[in-house]
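Each chain gets a letter, A, B and so on, in the order the sequences are listed, and its residues count up from 1. Hydrogens, waters and symmetry mates are skipped; everything else that's a heavy atom, side chains included, is used.
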Amino acid sequence: MSGEDPYDVASSSDRAFWADAVADTIEARDPEDPIVVKGGVSPSGVPHIGHFNEILRGYFVAEALRERGHEVTQVFTADDRDALRKIPRTLADLEGNVVGLGEVDAGALGRNLGKPYTSIPDPFGCCDSYGEHFTTLLERHAEAVGVPVDFVSNTERYEAGDFDSVVAHVLEHADEAREVLSAYQDKVDDEYVPFVPQCSECGILTEGVTDVDLDAGTVSYVCTDREAGDDTIEGCGHEGTATFREGKLPWRFEWPAQWQILGVDVEPFGKDHAEGSWPSGEDIAENVLGIEPPVGMVYEWFTLEGDALSSSAGNIVTVDEVLDLLEPEVFRYFFAKEPLKQRDFSIENLDQLVDEFDRFERVYFGEVDATEEEVERAERAYPMVVDEPREERIRIPYTFAAVLGMTEDPDLREQIARKEGHIPEDAPEWAIEEALARVERAREWARRTGNEFDYELKRTEIPDADFDAATEAALDELASFVDAGHDGEEIQGEIYETAKRHDIEIGDFFAAGYRLFFDDDEGPQLGPFLAKLDRDFVVARLRREQ
RNA sequence: GGGCCGGUAGCUCAGUCUGGCAGAGCGACGGCCUCUUAAGCCGUCGGUCAGGGGUUCAAAUCCCUUCCGGCCCGCCA
């Protein structure tokens, strides 16, 4: 039984980039083009960044193979005939806005437990079903991340009859099926039937199969109660028959069946599958279906802010939200890293990820010193991470972009960035535009995390402030100093001097400045910041006139 | 209880497959600068490679073992 160890596929080679190691394994099998890379999830609720392991790990493998001249298709199954097992805490509309259950008809959802996602009405009423709603959302996110993926609806495949022959084969060889699966699941006994019909009356997926008629291509069933976690889903007692298109294979069989139908050559999967579904899937593929299983590779789960991604615990972030904070290429870069390392995705420390990406980019263009290993990896992976390598591209350091975000004036942002040398004289217009787009993202990051960059220049209206006479006099003097024309360092020094002359605590005087400009107690380094603003405004504000 | 993955500087991680000087970025600290205030430049510090044992001339790397975090071994996916 079994091929390569899915833990070794991406790591045991001298390849600098793991996707090449996977591609090596696939090529060693001499597959026919097009090579099919698959992934898949149940559209059970709000898609989050964890789901993108399933898409992006496959994407890098696909790209590695394309670079070697293969034709590659990346497919993604929406496992939408799976049953809704528990009501999610939150949902999201098609724009990605996450909403609580209270805002939709939660009661209606509760009556649909045990039914396939595609048999449940869309709580938002905009798609044909619950399953289609969340699949659509995932498709949109995949598009936003820039990964070309063919989405496949499991339900549609069952309805179109694509699964017919596999279902017939499995039922015809039910003895082998039981024997193989029983090595992995204790509950499999002589009565086990590897098909789950959907009740024509109440719509739930029921396990009460009473008879199989291979010639007619149907199963008979009684709609019986079914356990789902701690709950029991009540069957309606209906006795009926279902065709092979009116139900589904149990997951352990469905996965290998998908491999057969779609001709899958490689599939990345999460570590939850590694010890259970994968070995049984390989076994079933070889010894029940008689096909060669794809190359499998395991990826580790990552945490969000140190904790498991969990929609019920509220610890999730969607792709939409993340793309408000960083460029798609930075997001893709995160998934280009070693798949087996357990790592954290931290919005709090997002600047680190962006910095790392910026360095990665500069390594590719040979602009910074790097180890041989880094260079090799960048040369291979960078072109897959960005849409198109362009050397003139400009990256404003993320935290500096956050500083620029303190002012809303786009011209001022550009002007400051130029003065600080982050935008070269001869930079092309497109590069400037892209570089400054990061300012909005960094601003959003500062706002979202409420971190030390979350200050907003109060330009249009002067904040409420009440200063004592000494402070007012000092501010007036500082205004005159600024009016006379000095650079940032001089202004910064003068703030200290002015405070001393008026016998004001240094910290208090800075606080007065932050109050006037940011309506806050703290802010960026004041002197250099003020020097970058237009002088008339700064002088007037220091004089509390505007 | 059994199996599997991960643990390397304060943080984020390379390096482990194939044993050969302990690495990078960020942060911190110091300086550039009469300055407790965050952006630039230069520099410095920073390590029980989770702990212990073994093999070896040589171990982050190989073997055994313990600890910590997570996954699987019921159902489901």
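- Donor-acceptor pairing under 3.5 Å is lacking for the side chains of A:D80 and A:Y130.
- Outside the 6.0 Å centre-distance limit, the rings of A:F335 and A:F52 are not counted as a close aromatic pair.
- When heavy atoms are screened at a 4.0 angstrom cut-off, A:E207 is found touching the sugar-phosphate backbone but no base atom.
- Inspection of the A:E379 and A:Y364 side chains reveals no N or O donor paired with an N or O acceptor under 3.5 Å.
- At least one side-chain nitrogen or oxygen of A:K248 sits closer than 4.0 Å to the OP1 or OP2 atom of B:A77.
- The side chain of A:R377 places an N or O atom within less than 4.0 Å of a non-bridging phosphate oxygen (OP1 or OP2) of B:G15.
- Taking both residues in full, the closest heavy atoms of A:R15 and A:A21 are given as CG-N, 3.8 Å, listed atom of the first, atom of the second, then distance.
- Taking the six-membered ring where the residue is Trp, A:Y514 and A:F518 present tilted rings, their angle falling between 30° and 60°.
- Aromatic ring centroids of A:F357 and A:F334 lie 6.0 Å or more apart.
- Under 3.5 Å, the side chains of A:T407 and A:D409 contain no donor-acceptor pair of N or O atoms.
- Ring planes of A:W255 and A:H273: tilted class, angle from 30 to 60°.
- A heavy atom closer than 4.0 Å to some atom of RNA chain B occurs in A:E300, A:W301, these being the qualifying members of residues 295-308 of chain A.
- Shown for residues 270-278 of chain A: residues whose heavy atoms fall under 4.0 angstrom of RNA chain B, namely A:K271, A:D272, A:H273, A:E275, A:G276, A:S277.
- Side-chain N/O atoms of A:R343 include one lying less than 4.0 angstrom from OP1 or OP2 on B:C13.
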Please enumerate all protein N or O atoms sitting under 3.5 Å from an N or O of nucleotides 59-63 of chain B, with distances to 0.1 Å.
none

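- Using a 4.0 Å heavy-atom distance criterion, A:Y455 is classed as a base contact.
- In this structure, A:Y382 and A:F365 have perpendicular ring planes: the angle between them is above 60°, well past the 30° mark.
- Taking the six-membered ring for Trp and the full ring otherwise, the centers of A:W259 and A:W278 sit less than 6.0 Å from each other.
- Using a 4.0 Å heavy-atom distance criterion, A:E338 is classed as a sugar-phosphate-only contact.
- Within residues 40-52 of chain A, the residues that place at least one heavy atom under 4.0 Å from RNA chain B are, in residue-number order, A:S42.
- Side-chain contact check for A:S42 and A:D82: at least one donor-acceptor pair (N or O, by modelled atom type) lies under 3.5 Å.
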Just the atom pairs and distances: protein N or O near nucleotides 22-26 of chain B's N or O, under 3.5 Å.
| unit_1 | atom_1 | unit_2 | atom_2 | d |
| --- | --- | --- | --- | --- |
| B:A24 | O2' | A:R359 | NE | 3.4 |
| B:A24 | O2' | A:R359 | NH2 | 3.0 |

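- When only modelled atom types and interatomic distance are considered, A:E305 and A:S346 share a side-chain donor-acceptor pair under 3.5 Å.
- One finds a side-chain N or O of A:K341 lying less than 4.0 angstrom from the OP1 or OP2 phosphate oxygen of B:G7.
- Residue pairs satisfying the side-chain hydrogen bond (donor to acceptor under 3.5 Å, both in side chains) criterion with at least one member in residues 329-340 of chain A, sequence neighbours excluded, are listed as follows: A:E329-A:R395, A:R332-A:D387, A:Y333-A:E356, A:K337-A:E356.
- Under 4.0 angstrom from either OP1 or OP2 of B:U36 there lies at least one side-chain N or O belonging to A:Y496.
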